[in-house]
Each structure stands twice: as structure tokens, then as C-alpha cells.
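To keep things clear, I will list the structure first and then write my remarks on it.
For the single chain, residues carry numbers from 1 onward in sequence order. Just so it is clear, the model here is predicted, and its values are computed rather than measured.
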Amino acid sequence: MADKTANSAAAKTPSKKARALSLHMGLNGVSGAAYGGWDGPLAACEFDAHDMAALAKSRGMKPTVLLTKKATRGAALAGIRAAAKALQSGDLFFLTYSGHGGQVPDVNGDEADKKDETWCLYDGQLIDDELYAELGKFKAGVRILVLSDSCHSGTVTREMVIPPPPNPTQRPKDMPPAVAMRTYREHQAFYDKLQRDVAAAAGKPVVDPDNALAQVAVSGRLSAIADKFDASLILISGCQDNQTSMDGDHNGAFTEQVLKVWNQGAFKGSYASFHAQVKARMPATQTPNLFTLGTTGTFLTQEPFTA
């Protein structure tokens, strides 16, 4: 009788409701002091962050928004780390970035011309080594969704191609190469140390972490990353690694199509079909990509933005 009572009680015990947190960054400019005098003006990135936060809130998430001057390296890392500490298996972390993408020379790689992709935060760049390392700290079973509306320009094998803006209201979200190199030279010790610190924390050189953000073609090296990634991550980028994401009046080109396909929740389908529909609406000069880390089979079949 006791066993039956216990089983009955267990059957009535509700399963833990998944918790969902989100962090949304939108930068309409950066500090010239951190980028060799370049302030990188954009128009729609703050709108992107607000709209992504509104979407997140409508899906039951607790959003945090960092706009331009508030979107610093420290604030971004603090937000990601707080989510990693708070979330458990089955929970969701939704991370979006809208702003410039840049690059710095990779001091950890085995190819002399290799570049690390970056997000251009207000007071300095967040290197993909760092971002990969931080996302790798999430607990097993946590779902991570990243939408990046920025240019992750260049890899060791292909040079960035910048198409002409289709109209005067659009501009590419990339840091000009000359600015990127000047910024790196002026802060070389800082950026080199960041990469070395990540490698030291890992106990050995990080294996191509830029693959997770640069959206390069799938290669055997990616399996080494996935094997070390406990959480389940889906990254949908605004463009391929050799393309640029375009700014706009109210939304970036990528974010605009994400919102249109989502259609205030009318979309019904999986992440895979969601990505396919967004991609189908974009021009050939800007092709969103879908990339995953960890075990994402079930995650990919879920309805987007579902906690």
C-alpha cells in the first residue's frame, strides 16, 4: 500500500517548469577611444535589441537589454556568466547581438594568417575564443539559442566580400579592415592576453573556437568542439563568414526577416524550418547560416523560442 501511495504521489508531482533567460545587445556605435578613433555609427541595432527582448518576453523569458554605451565587455560577460550559473538542464538561454563584427589576429592558432572573429562591444571587442569559453560553462542539458546580426568577416581561406548597399539606408555591419588592424595594434597586449588566458584556462590551446561564430564550412575540427560542449547550442548567424550583415532604418536586414517569419508567434515549425524560411527571404549577398554545438537533435525539432 505504501508503495502504491508513493507512486501515486510521484505521478501527481508536476515536472519542473523550464526557466528561460535572455540577453540582448544592440550597439548603434562604439567608443572611439577603444577603436582608434572610429565610432562605427549604425542605425537599427538598438531597435533590434528591443524587438528581440519583446519577442523573448512574449515567450515567457526574463530579458536583459544592453544598448550601445551599456553594452560593454564587462556587462556582456557578466550577463552570460549569470545565466550560466542560474540555469539548469532543460532551461533556455537566448542570446542576441546586433552590431559590428570585427577580427583580430589569432595568437593561438597554428596558421600564421588566421583571424579570430569578434563582436564589437562599446569599450572593446569580445573575441570568439572568450565567447566560446563562456558558453562552454553552461551545464549539460541547457539549451542555448544565439542570433547574431553582425558581420563575422574573414577566415584563413576566404577573404571578406562586401557587396554595395542596395540603398542609402543600409550599411554593412563590419569594422573596416584598416580600423581593425589599427585597433589591434593599439591594444595588442590586451587582445593577445585574452586569447592566451582562454587557452591557459582550458589547459591547452583552444581548438578553432572561431568556427562556432565565423560560420565556416563544416570540417573535421568541429567534432572536437562539439565533444567538449555540454550544453546544446543553436547559432543562427546573419550571414556567412565571408559576407556582411546589413543595417537598416528600423531593423537590420537579418533581424527584420527573423521577425517577419516569426510573425508574432504565428510561425509553426522547427528551428530548421525557421532558419530555412529566413534564409529564403534574404538576398544572395547575405545568407544566414545554421550551426550547432553539443547534442541538439531534439532542440532543433522544437518550436523556436520555446522555454
Side-chain angles (χ1 to χ4, degrees), residues 17-28 42-68 70-71 76 79-80 83 87 90-99 119 142-150 166-167 169-171 173 215 232-239 245-292 296 298-307:
K17 183 178 180 181
R19 186 179 183 187
L21 301 176
S22 66
L23 175 61
H24 310 281
M25 295 177 281
L27 291 92
N28 283 349
L42 292 169
C45 299
E46 291 192 359
F47 287 125
D48 289 344
H50 279 305
D51 288 344
M52 289 291 99
L55 189 161
K57 189 173 182 180
S58 75
R59 300 294 283 175
M61 301 181 208
K62 183 179 179 181
T64 298
V65 179
L66 300 175
L67 301 178
T68 307
K70 298 291 186 181
I80 295 171
L87 298 179
D91 293 342
L92 175 70
F93 179 52
F94 179 29
L95 173 64
T96 71
Y97 172 79
S98 181
W119 282 348
V142 175
R143 294 165 295 148
I144 304 172
L145 172 63
V146 182
L147 299 185
S148 181
D149 195 344
S150 66
N167 63 64
T169 68
Q170 291 189 316
R171 68 187 80 189
K173 292 181 173 183
Q215 299 298 284
S232 300
L233 181 143
I234 294 174
L235 168 64
I236 303 178
S237 67
C239 64
S245 290
M246 303 305 293
D247 190 25
D249 280 333
H250 181 80
N251 288 122
F254 170 67
T255 300
E256 180 180 9
Q257 298 310 321
V258 165
L259 292 169
K260 285 183 176 179
V261 171
W262 178 241
N263 193 18
Q264 297 183 330
F267 174 85
K268 302 300 177 185
S270 66
Y271 279 105
S273 61
F274 184 76
H275 163 257
Q277 290 193 35
V278 172
K279 182 178 177 181
R281 301 173 70 101
M282 299 292 291
T285 53
Q286 186 177 336
T287 310
N289 202 3
L290 174 68
F291 182 79
T292 65
T296 56
T298 301
F299 191 11
L300 282 168
T301 65
Q302 295 172 354
E303 185 176 297
F305 316 113
T306 299

Residue pair D91, R143: steps toward the side-chain contact (heavy atoms from CB on, under 4.5 Å) verdict: CA-CA 6 Å; D91 293 342; R143 294 165 295 148; 5.9 Å; no
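With H275 as the fixed residue, the side-chain contact (heavy atoms from CB on, under 4.5 Å) test singles out one of I234, L290, L300: L290. Checked options D48, T255, D51; the residue passing with H250 is D51 (criterion: side-chain hydrogen bond (donor to acceptor under 3.5 Å, both in side chains)).
Residue L23 comes nearest to L66 through the heavy atom pair CD1-CD1, 3.8 Å, listed as atom of the first residue, atom of the second, then distance. Taking each heavy atom of S245 and D149 in turn, the nearest pair found is CB-OD1, 3.5 Å.
Atom CG of L145 and atom OG1 of T96 lie 9.0 Å apart (nearest 0.5 Å).
Under the 6.0 Å cut-off for aromatic ring centres, F305 and F267 do not qualify, their centroids lying 6.0 Å or more apart. Separation of the Y97 and H24 ring centroids does not fall under the 6.0 Å cut-off.
The shortest side-chain heavy-atom distance between M246 and F254 does not fall under the 4.5 Å cut-off. Between S150 and W119 there is a side-chain heavy-atom pair separated by less than 4.5 Å. Between L95 and F93, the closest side-chain pair of non-hydrogen atoms falls below 4.5 Å. Looking only at side-chain heavy atoms (C-beta outward), S98 and M25 stay at 4.5 Å or farther from each other.
Side-chain polar atoms of S270 and E303 form no donor-acceptor pair below 3.5 angstrom.
With sequence neighbours excluded, the residues forming a side-chain hydrogen bond (donor to acceptor under 3.5 Å, both in side chains) with T306 are R59, listed by chain and number.
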Expected list for residues 257-265: side-chain donor-acceptor pairs under 3.5 angstrom, two or more places apart:
| residue | atom | partner | partner atom | Å |
| --- | --- | --- | --- | --- |
| Q257 | OE1 | R281 | NE | 2.6 |
| K260 | NZ | E256 | OE2 | 3.3 |

